[in-house]
Protein chains: 2
Amino acid sequence: MARSSLTREQVLDTAAALVRRNGPQALTMRALAAELGTAVTSIYWHVGNRESLLDALVESTVQEMGTLRPAGRTPAARIVSVARGLRRQLRARPHLIAMVHERGLTERMFLPAQQALVHEVHAAGLRGARAAAAVRAVQFQTVGFLLVERNRERSPVQSPGEGELWTASAADDDPALARALARPTDPDRLFEDSVRALVEGLLTGPPQQGARRRTGTQERETAE
Amino acid sequence: MARSSLTREQVLDTAAALVRRNGPQALTMRALAAELGTAVTSIYWHVGNRESLLDALVESTVQEMGTLRPAGRTPAARIVSVARGLRRQLRARPHLIAMVHERGLTERMFLPAQQALVHEVHAAGLRGARAAAAVRAVQFQTVGFLLVERNRERSPVQSPGEGELWTASAADDDPALARALARPTDPDRLFEDSVRALVEGLLTGPPQQGARRRTGTQERETAE
DNA sequence: ACCTGAACACCGTTCAAGT
DNA sequence: ACCTGAACACCGTTCAAGT
């Protein structure tokens with residue numbers, strides 16, 4: 001609109017708007033130029049190329065996300081609340097997840113939450129390498145869940161009907177399990193339960209210290 | 001090579017080879033045609049279009065993966081071994097993960113392992129909806145981890161140096177934690193620990209049943 | 001310093017035409 | 001039933017040329 005002179009910010013803003021409206025694949029240099037009312041090549045002067053345009057876009061969107069304030073009475077509850085908050089923020093920007101992932105910035109996406117997690121894990125009594133491992137575990141779990149979940153939303157029906165493959169097998173004696181697996185997943189609940197279980201496992205620590213990893217041979221799984 | 005007459009299988013095979021060699025983005029219809037020694041348009045007759053070519057590719061590769069044999073003494077150990085085996089199989093086909101994900105078939109990718117998981121979760125004493133939730137939790141955790149991990153491998157250096165952002169903050173009083181977070185993640189260990197912690201949390205069940213979800217207000221997290 | 005159009009080397013896909 | 005080349009409508013990017 002304002003044709004005075006094109007700024008880098010203008011490019012980024014309308015690019016972001018274009019992505020938010022029609023998804024990342026709709027962000028072509030030509031479409032962006034049309035939206036801006038300039039020649040395609042002008043964009044290159046301000047932004048370099050499409051690659052770095054997306055980089056900048058992701059970076060600024062991640063920074064918009066703000067910090068998370070943990071809530072809950074126990075450290076475990078507060079850790080779960082951070083994960084939940086991150087998930088909510090990312091789900092509010094559905095295209096961002098895919099873009100961040102494609103750009104290889106998945107880790108970057110989690111940084112706002114990491115500080116909060118470090119604090120809570122520390123409050124829960126974990127120290128040093130163990131605390132760091134716990135933070136990373138929650139980090140990977142949360143982001144991974146989001147990726148899987150988004151993937152699932154994109155293609156609602158899987159090739160062989162969800163329950164078909166296994167109904168003939170081990171679950172015969174547990175019809176309730178069979179029915180539960182045949183039902184579509186409730187992602188909110190699954191996320192809640194998974195994170196809670198993981199955090200619980202992380203905070204209570206490894207079980208029966210001496211028994212694990214005793215015999216390496218038995219631990220090995222095989223695949224044909 | 002054998003130019004007698006093009007088969008659908010030939011197309012799929014050389015397409016798979018091309019992806020394995022140079023990655024999914026190298027699979028263009030023109031490159032494939034060149035490799036096959038045919039006209040580009042012949043491919044369309046056998047396979048429809050690029051979209052369904054990728055579908056078929058992913059589907060057959062997933063089926064090649066074979067089934068997983070759990071190993072270990074306790075049900076928990078066997079569940080972990082299934083997750084570990086799946087991760088190993090998928091990591092042996094690095095391009096597949098991205099392709100499956102892009103195709104929205106992430107769920108499909110996990111089916112070979114699902115039967116084994118159902119069996120083990122059942123053996124651990126879980127029943128019905130609770131057992132199904134546990135299976136799904138491990139499923140999401142494993143696949144999610146792989147997605148994050150692969151993403152990390154693709155872009156080894158993150159924009160702000162990994163530790164930079166938080167060193168100024170909460171971890172001041174725990175230099176060991178700070179150092180651990182600054183070090184690059186050991187994915188094998190992290191995976192092992194995460195799955196083990198999750199499984200432990202799932203099998204021991206929700207803690208202090210009465211206390212959770214009592215007051216909804218306090219559970220809410222906020223973000224600016 | 002900033003913007004432009006023309007041109008290049010790619011895509012996936014369609015379609016009428018061959019055998 | 002199977003294969004073909006020409007053509008279409010797209011891409012991202014470069015570059016010499018303008019002001």
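As a basis for the values below, the full set of heavy atoms in this structure was taken, side chains included, without hydrogen atoms, waters or symmetry mates. In what follows, every chain begins at residue 1, and chains take the letters A, B, ... in the order their sequences are listed.
We find the CZ-CZ distance between R78(A) and R84(A) to be 13.0 Å, quoted to the nearest 0.5 Å. Rounding to the nearest 0.5 angstrom, the gap separating the CZ atom in R21(A) from the OG1 atom in T14(A) is 9.0 Å.
Not one side-chain nitrogen or oxygen of H46(A) sits closer than 4.0 Å to the OP1 or OP2 atom of dA1(C). Contact between the side-chain N/O atoms of S42(A) and the OP1/OP2 oxygens of dC2(C) is not found at any separation under 4.0 Å.
Taking the side-chain contact (heavy atoms from CB on, under 4.5 Å) definition, one finds that R91(A) meets it with R87(A), L146(A), E149(A), E153(A), sequence neighbours left out. Judged as a side-chain contact (heavy atoms from CB on, under 4.5 Å), and not counting sequence neighbours, the contacts of A129(A) are A180(B). Residues passing the side-chain contact (heavy atoms from CB on, under 4.5 Å) test with A31(A), sequence neighbours excluded: T28(A). With sequence neighbours left out, F145(A) forms a ring-ring contact (aromatic ring centres under 6.0 Å, His included) with F191(A), F140(B).
Taking the side chain of R50(A) as heavy atoms from C-beta on, and the options dC3(C), dG12(D), dG12(C), the nearest nucleotide is dG12(D). Of the candidate nucleotides dT13(D), dC11(D), dC11(C), dC11(D) has the atom lying nearest to any side-chain atom of T28(A). Residue Y44(A) places its side chain closer to dG12(D) than to any other of dT13(C), dG12(D), dC3(D).
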Using nucleotides 5-8 of chain D, report all nitrogen or oxygen pairs with the protein that are shorter than 3.5 Å.
unit_1, atom_1, unit_2, atom_2, d
dG5(D), O6, T41(B), OG1, 3.0

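Rounded to whole Å, the distance from CG on N49(B) to P on dG12(C) is 11 Å.
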Checklist entry - Could you spell out the base pairing of DNA chain D in dot-bracket, with Watson-Crick or G-U pairs whose two distances are under 3.5 Å, [ ] crossing and | to another strand? => result ||.|||||...|||||.||

